[in-house]
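Before any comments, here is the structure.
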Number of protein chains: 2
Amino acid sequence: MIPRKISVAKKKTPQEDGTTEEKIKQAARKVFIRKGFAATRTRDIAEEAGLNLALLNYYFRSKEKLFDLIMLENMQQFMLGMKDIFNNESSTLNVKVIDFVANYINLLKSQPDLPLFILHELKANPQKFVENVGVKKVLFESHFFKQINEATKGKIDSFQLVINMMALTVFPFIACPLLKSIGNLKQNQFDELMEERKVMIPRWINSMLKIK
Amino acid sequence: MIPRKISVAKKKTPQEDGTTEEKIKQAARKVFIRKGFAATRTRDIAEEAGLNLALLNYYFRSKEKLFDLIMLENMQQFMLGMKDIFNNESSTLNVKVIDFVANYINLLKSQPDLPLFILHELKANPQKFVENVGVKKVLFESHFFKQINEATKGKIDSFQLVINMMALTVFPFIACPLLKSIGNLKQNQFDELMEERKVMIPRWINSMLKIK
DNA sequence: AACTATTTTAATCAAATGATTAAAATAATC
DNA sequence: GATTATTTTAATCATTTGATTAAAATAGTT
């Protein structure tokens, strides 16, 4: 009697491969970010993915569940990028500002719609998403926060300064169509304007830190 | 034969009175600003106004036409407030910054959702609204722009400085739910934070102007 | 190769939505 | 007061949307 040969091939499940599921997620990310939740139809996502409409419910059960997943991933991407920068104990305050600004401008140049999407959906549904961010701890216990306090001797509220960094870095992307119109800018000119801001924002922040 | 007495009473048309029409507009403004175009149903507006659903089509023909009207009014309100401030030839650059910041923070404290609404809908449909703003002329031909150029001797791009003023003033309202969460702020604390910014933003702008 | 499990498909469904309709109500005119 | 014009109403409609269904196709297992 010959012993059965036992197959050691791992069970292959499409969920682990993530081919169809991943396609849907990528398409959903694109369309949700571009149009927002309310204006996005499940059919839009299916078309973007080149897949059958019913697969969205098969894999994610509902439009809303798919959206929640995408939204949380996006928020993590947007917010937690600060973590390494703010907690790098070997960099100065000024280098942290430079890194923050460069990091976010580069990120947003490749995904210019991300902040407006996040902030719009956040306002539509604040309770649902805000508590999952985890950036409170990142920020208030960071090396960066300490550095601001030391540099300003409490003259400037550290939180206000962080707001300023975010405002100066992120707002142009949020207001992009308006600024382009006001300034008569093509897209490449807007890109140049943001490159210039990469250099200038750390200088502006530094000048704020120097106020007597 | 007695001459007919001619009635001089002006024809009263509800459109001129604007009672029902005005109610619909006010309700539409509220709901559109709160939920955006896509997430707002005509039934929401009718309920907000306490009127029958069919009146929206009777008076405004379509949801979209009603929205376009509201959007344009909102953009005018938001953008053209700059006009008087920027063209006041008897005020200094610094006073203009103070007036701009105070004016907009006061406006946005009473209508905190306005900027996010405008910028979100602007991105959804840039061609439709941007050309109607008229702020390009207001800004680039303003006394204020001249003052910046003189004060900085071209060291800072004037447009970049205006972006900074807008960013520092408007962004906290756009990001309000996020900032409240991060900073653990109640609404009255957020309001205080914005009052503090009324004072600090002109100082921050001034420090930028002084960069060598 | 046969059987079972999973994925995909196209049709269909139930509910929601912006819009229309026709009648009732109200206002205006003479 | 009778007639006409306008506004309002509630029902209805046509279309759209997220979701479901059942069968076909494909993949996995023995």
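Proteins come first, then strands; the chains are lettered A, B, ... in the order of their sequence lines, and each starts at number 1.
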Electrostatic pair Glu121(B):Lys128(B) at N-O distance under 4.0 angstrom = no
Round to a whole Å and report the spacing from CD of Glu64(B) to C1' of dA19(C).
-> 14 Å
Is any side-chain N or O of Thr20(A) closer than 4.0 Å to OP1 or OP2 of dT7(C)?
-> no
How about Lys180(B): does its NZ atom have over 12 heavy atoms from other parts shown lying under 6.0 Å from it?
-> yes
So, is Tyr58(A) near the phosphate of dT20(D), with a side-chain N or O under 4.0 Å from OP1 or OP2?
-> no
Ion pair present between Asp44(B) and Arg41(B), side-chain N to carboxylate O less than 4.0 angstrom?
-> yes
Output the residues of residues 35-57 of chain B in contact with DNA chain C, where contact means a heavy atom of the residue under 4.0 Å from an atom of the strand; sort by number or write none.
-> Thr40(B), Arg41(B), Thr42(B), Arg43(B), Leu53(B), Ala54(B), Asn57(B)
For the residue pair Trp204(A) and Ile156(B), establish whether any side-chain heavy-atom pair is separated by less than 4.5 Å.
-> yes
In Lys30(A), Lys23(A), Glu22(A), the residue satisfying side chain to side chain donor-acceptor pair (under 3.5 Å) with Gln26(A) is Glu22(A)
Rounded to whole Å, CZ of Arg61(B) lies from P of dA19(C) at a distance of 10 Å
Does the ring of Phe37(A) carry Lys63(A) above it, NZ/CZ under 6.0 angstrom from centre and within 45° of its axis?
-> yes
Round to a whole Å and report the spacing from NZ of Lys63(B) to P of dA16(C).
-> 16 Å
Rounding to a whole Å, what distance do you find between Glu21(B):CD and dT8(D):P?
-> 11 Å
